[in-house]
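Right, one structure below, let's go through it.
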Amino acid sequence: MSSDSSVRSVERAIDVLFSFTQQEPVLDIPALQQRTGLSRPTLYRLLRTLETRGLIYSFGNPLRFQLGARIGLLASTWTPAPPLVTLAAGPLEQLWRSTQETVALMMPVSASHRMCVFERKSPQALSFSRGVGYTEPLHNGASGKVILAHLTPDQRRQSLSQLSRHARDLIARDLQTVLQDGVLVTHAEVMAGTVAVASPVLTKSGQPVAAVCVFGTEMRLRGAALRSCRSQTAKAARDISTRL
C-alpha cells in the first residue's frame, strides 16, 4: 500500500469514529454510509480493523455499531486544555466580555472535521452551547470554513470530495470571502436561529491551526452589533496568531 493510500485509510477511519455522537451513539451501516460517503466494502473493512483494536463494538442483527471500550482510554489521556487554549485565553476572555455572546475555539482534528477545544457560554438568557469535544465537518459552519479556506488546494479537494459540485461551488464563495475579509458570517448552518462569526488563527507561514468563533441569536447579532462582532472576532484571532 502506498503512503498516500495509508494516510487516506487513516483519515477514513477517523471519519468513521467521528460519525458517532452523544445524540446518536449507535449506528447501522446505512447511517454510517450517509455520514462518511464510503462504500459498503470499504466501510466493513474499516469497521473490522477498528473492532480488532477495541475502538468499535458491533452487535445485533441487523448489525449495529458503537464506540468501543478503548476509546475511553484515549479520552482519559486527553487534556481538555491544549497549549493553544492557554495561549488564547486572554484574547478569548476579552472577546467574551465585549460581545456577551458564546465564544469558542475550534481546532482541525482531521482532513474533514474540527473540534471545539474551548467554549464560554453567553450570559444572555437565550444562548447556544455545543460544548468542548463537539465535532463538525469543516465545510459546515463559519468556524470550519475559515480553516478550510487556508488549507492547501489538495487538502481542500480531499475535504470536499464527498460533496456535490453545486455544494462545492457554494462553499467556494464563502472561502473567497474568508480570504478577502479574514472573517466569515454564517446564518443557521449548524443550529437554527443562530448567527456564527469566525476568523482563522494562522501560523507565521499561513497554516490554519484554529478558528475563533462567536455565535448568538439572529435577533441580537445583526446591524451594528454584528459589524462590531466581526471586527472583534477578527482582532481576537489576529492577537492569538501573533502570540504563536
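The figures here come from the full heavy-atom set of this structure, side chains too, leaving out hydrogens, waters and symmetry mates. Numbering of residues begins at 1 and proceeds along the displayed sequence. Quantities reported herein were computed from a predicted structural model and do not represent experimental measurements.
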side-chain contact (heavy atoms from CB on, under 4.5 Å) assessment of Glu136 paired with Val190: CA-CA 9 Å; Glu136 187 77 21; Val190 176; 4.3 Å; yes
Can you check side-chain hydrogen bond (donor to acceptor under 3.5 Å, both in side chains) on Arg120 and Thr102, steps first, answer last? CA-CA 6 Å; Arg120 186 156 186 191; Thr102 298; over 6 Å; no
Evaluate the side-chain contact (heavy atoms from CB on, under 4.5 Å) criterion for residues Met191 and Thr194: first the C-alpha distance (whole Å), next the side-chain angles of each, then the deciding distance (0.1 Å), finally the verdict. CA-CA 6 Å; Met191 292 183 287; Thr194 63; 3.8 Å; yes
Could you go through the side-chain contact (heavy atoms from CB on, under 4.5 Å) check for Asp28 and Leu63 one step at a time? CA-CA 6 Å; Asp28 58 13; Leu63 207 56; over 6 Å; no
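Using a 4.5 Å cut-off on side-chain heavy atoms (C-beta onward), Thr36 and Phe18 make no contact.
A pairwise comparison of heavy atoms in His150 and Pro200 identifies NE2-CG, 3.6 Å as the closest pair. The heavy-atom pair separating Leu221 from Ala225 by the smallest distance is CD2-O, 4.4 Å. Closest of all the heavy-atom pairs between Leu163 and Arg168 is O-NH1, 2.7 Å.
Under 4.0 Å is where a charged nitrogen must lie from a carboxylate oxygen, and between Arg35 and Glu24 at least one such pair does. Comment: Asp239 engages Lys235 in a salt bridge, judged by a side-chain N to carboxylate O separation of less than 4.0 angstrom. In summary, Asp169 and Arg173 do not engage in a salt bridge, as defined by a charged side-chain N under 4.0 Å from a carboxylate O.
Side-chain atoms of Gln232 come within 3.5 Å of backbone N or O of Ser228 as a donor-acceptor pair. Looking at Ser127, its side chain never comes within 3.5 Å of a backbone N or O of Pro123 through a donor-acceptor pair. Without hydrogens or angle criteria, Gln100 side chain to Arg97 main chain gives a donor-acceptor distance under 3.5 Å.
Heavy-atom neighbours of Arg70 CZ from other residues, nucleotides or ligands within 6.0 Å: at or below the threshold of 12.
For the atom pair CD (Gln155) and CG (Leu138), the distance works out to 10.0 Å, reported to the nearest 0.5 Å. Once rounded to the nearest 0.5 Å, the distance linking CG of Leu175 with CG of Leu148 reads 5.0 Å.
In this structure, the ring of Tyr57 has its center less than 6.0 angstrom from the ring center of Phe59.
Val109 and Val209 fall within the same hydrophobic cluster, where Ile, Leu, Val, Met, Phe, Trp and Tyr residues are linked whenever their side-chain heavy atoms come under 4.5 Å apart, directly or through other members.
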